[in-house]
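Read through the structure below, which is laid out as structure tokens, and then see the notes.
Computed over heavy atoms, backbone and side chain alike; hydrogens, waters and symmetry mates excluded. Position 1 is the first residue of the sequence; numbering continues from there.
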Amino acid sequence: MPAEPQTAILGIETSCDETAAAVVVDARTVLSSVVSSQIDLHVPFGGVVPEIASRAHLELLMPVVGQAVAESGLTPKQLGGIAVTHGPGLVGALLVGVAGAKGLAMAWDRPLIGVNHLEAHLYASFLDDPSIEFPLVVLLVSGGHTMLVRMDAPGEYRILGQTLDDAAGEAFDKVARFCGLGYPGGPAIDHISHHGDPEAIRFPRARMGESLDFSFSGLKTSVVNYVRKNPDAATEDVAASFQEAVVDVLLARTAEAVEASAAVGICLAGGVAANSRLRERTLDVAMSLGIQAHLPSRAMCTDNAAMVAAAGFHRLHSDGPSSLSLGANPGLRLGSEPRRA
Ligand code: KG4
Ligand code: ZN
């Protein structure tokens, strides 16, 4: 398609263990999206090793960017800006992306746009379906974060609840590791749960008073205690029952958030949104509430740079470019950053 040059944004993502670059027009049309996963490098260690991640990003970043720009069919001068994740994430990994993006912004004389990784996840569904209506409740569930966000328009959002301890993905990864299912744990539990009984074991469903916050550390401990006391329990049943408890809690709070905010849709985001039980039951909940469910494709759930480019497009239009003094901010929170230097 003929791209409107000034609305095409190059996105760069290096916050964890995916090196990714993408070119997106108008925050909706993906011209190219390249994701190079380093997962094989981290599997032997049972989790992401920050130093290995940074070194791999250094090697992969420019080839991945080169491929994304080439596949987009655009020249660097046709890009309206270069968006890069500057937090939250692993500081060394973020620094590689931020430094690379600054170099490109200077070399190509294009605006630099710092993007919050969590905000980027919020835009992922819009790349699959630009006609999503507001107000919307987004359940953002990843390896590092679990939050319910009310979105009223692009760039207008409010956190309604979040985890007080482990993130949902972290709980999947820890339980999987304890059960000997390897890393990453989410897909392994998802897979094995198809062969188990979700009602075999009644694990606790934590409720944090009247709030829409979450807590998963008690559930994780309860799984560990159960397996220690019942060493012969079928791992399939443990996994399916654990997964059911996580999904129950996530969707109970999501339904409350929808009711409290009169939302017309539920949208899933983040790596755990790839979970098949969560996807299936989100459809049921949305149907029972009479609202839309938006389930991003699996490629848009996990970390990618198309969502960074989409977030960058909106940020550039609302706030203008970032300063070239942009730094990596590993603890960046959603909606809390001072936008521009
Ligand atoms: O969003 P993401 O790719 O990276 C972060 O920003 O954290 O999420 C990764 C997390 C991991 O904890 C992984 O175990 C989990 O998403 N995950 C899943 C599934 N696929 C990935 N969890 C449950 N079921 C899945 N199918
Ligand atoms: Zn992520």
Between Arg298 (side chain) and Ala274 (backbone), is there a donor-acceptor pair under 3.5 Å?
yes
Would you check if the distance from the ring center of Phe126 to the ring center of Phe134 is below 6.0 Å?
yes
The criterion is side chain to side chain donor-acceptor pair (under 3.5 Å); which residues satisfy it with Thr85, sequence neighbours excluded?
Glu13
Could you walk me through whether Val238 and Val227 pass the side chain to side chain contact (heavy atoms under 4.5 Å, CB included) check?
CA-CA 8 Å; Val238 173; Val227 173; 4.0 Å; yes
The side chain to side chain contact (heavy atoms under 4.5 Å, CB included) partner of Cys267 among Leu122, Leu140, Leu139, Val138 is Val138
Should the pair Glu244-Arg281 be classified as a salt bridge under the 4.0 Å nitrogen-to-oxygen rule?
yes
Looking only at heavy atoms, what is the nearest atom pair of Pro204 and Ser222, with distance?
CD-OG, 3.1 Å
Give me each pair satisfying ring pair (Phe, Tyr, Trp, His ring centres under 6.0 Å) with a member in residues 234-279, each pair once, sequence neighbours excluded.
Phe172-Phe242
Does Asn230 reach the main-chain N or O of Asp232 with its side chain, forming a donor-acceptor pair under 3.5 Å?
no
Check whether Arg202 reaches the backbone of Ala200 with its side chain - one donor and one acceptor, N or O, closer than 3.5 Å.
no
Take Leu268 and Thr282 through the side chain to side chain contact (heavy atoms under 4.5 Å, CB included) test and state the conclusion after the steps.
CA-CA 8 Å; Leu268 296 184; Thr282 299; 3.7 Å; yes
For a quick test of reading the model, state the closest non-hydrogen atom pair linking Ala83 to Val308 and the distance between them.
CB-O, 3.7 Å
Treating His86 as the side-chain partner and Gly327 as the backbone partner, does any N or O pair qualify as donor plus acceptor under 3.5 Å?
yes
Assess whether a salt bridge exists between Arg55 and Glu51, defined as any Lys/Arg side-chain N lying under 4.0 Å from an Asp/Glu carboxylate O.
yes
Minimum-distance pair of heavy atoms, taken over all atoms of Gly331 and Pro88
C-CB, 4.4 Å
Are Asp190 and Arg277 close enough for a salt bridge, meaning some N to O gap below 4.0 Å?
no
Walk me through whether Phe214 and Asp166 qualify under side chain to side chain contact (heavy atoms under 4.5 Å, CB included).
CA-CA 9 Å; Phe214 303 95; Asp166 290 353; over 6 Å; no
Between Ser142 (side chain only) and His145 (backbone N and O only), is there a donor and an acceptor less than 3.5 Å apart?
yes
Any side-chain to backbone donor/acceptor pair from Ser241 onto Asp197? Under 3.5 Å, distance only.
yes
Correct closest heavy-atom pair for Asp213 and Gly161 would be OD1-CA, 3.3 Å
Mind telling me whether Phe313 and His317 have parallel, tilted or perpendicular rings, with 30° and 60° as the class edges?
tilted
Quick check: closest heavy atoms across Ala8 and Leu74, and the distance to 0.1 Å?
CB-CD1, 3.5 Å
Solution key, residues 95-107 side-chain donor-acceptor pairs under 3.5 Å, sequence neighbours excluded:
from, atom 1, to, atom 2, distance (Å)
Lys102, NZ, Leu324, O, 3.3
Lys102, NZ, Leu326, O, 2.7

Apply side-chain hydrogen bond (donor to acceptor under 3.5 Å, both in side chains) to His117 and Asp303, showing your working.
CA-CA 9 Å; His117 181 83; Asp303 287 350; 3.1 Å; yes
Non-hydrogen atoms of Gly114 and Ser322 that approach each other most closely
N-OG, 2.8 Å
Run Thr19 and His57 through side-chain hydrogen bond (donor to acceptor under 3.5 Å, both in side chains) and show every step you take.
CA-CA 6 Å; Thr19 316; His57 285 309; 2.9 Å; yes
Ignoring hydrogens and geometry, is there a side-chain-to-backbone donor-acceptor pair from Gln78 to Thr75 under 3.5 Å?
yes
Any chance you could measure Ile12, atom CD1, to Leu61, atom CG, to the nearest 0.5 Å?
5.5 Å
What I want to find out is whether Glu170 reaches Lys220 closely enough, with some N-O distance under 4.0 Å, to be called a salt bridge.
no
Side-chain donor/acceptor of Thr146 to backbone N/O of Ala168, under 3.5 Å:
yes
Determine whether Pro321 and Leu112 make a side-chain contact, defined as any pair of heavy atoms from C-beta on separated by less than 4.5 Å.
no
Do Ser33 and Asn304 pair up side chain to side chain, a donor and an acceptor below 3.5 Å, judged on atom types alone?
no
Could you grab the distance from atom CE of Met147 to atom CD of Gln162, nearest 0.5 Å is fine?
4.5 Å
Between Arg333 and Glu119, is the closest basic N to carboxylate O distance under 4.0 Å?
no
Any side-chain to backbone donor/acceptor pair from Asp26 onto Arg28? Under 3.5 Å, distance only.
no
Test your reading of the model: is there a side-chain donor-acceptor pair from Arg150 to the backbone of Ala263, 3.5 Å cut-off?
no
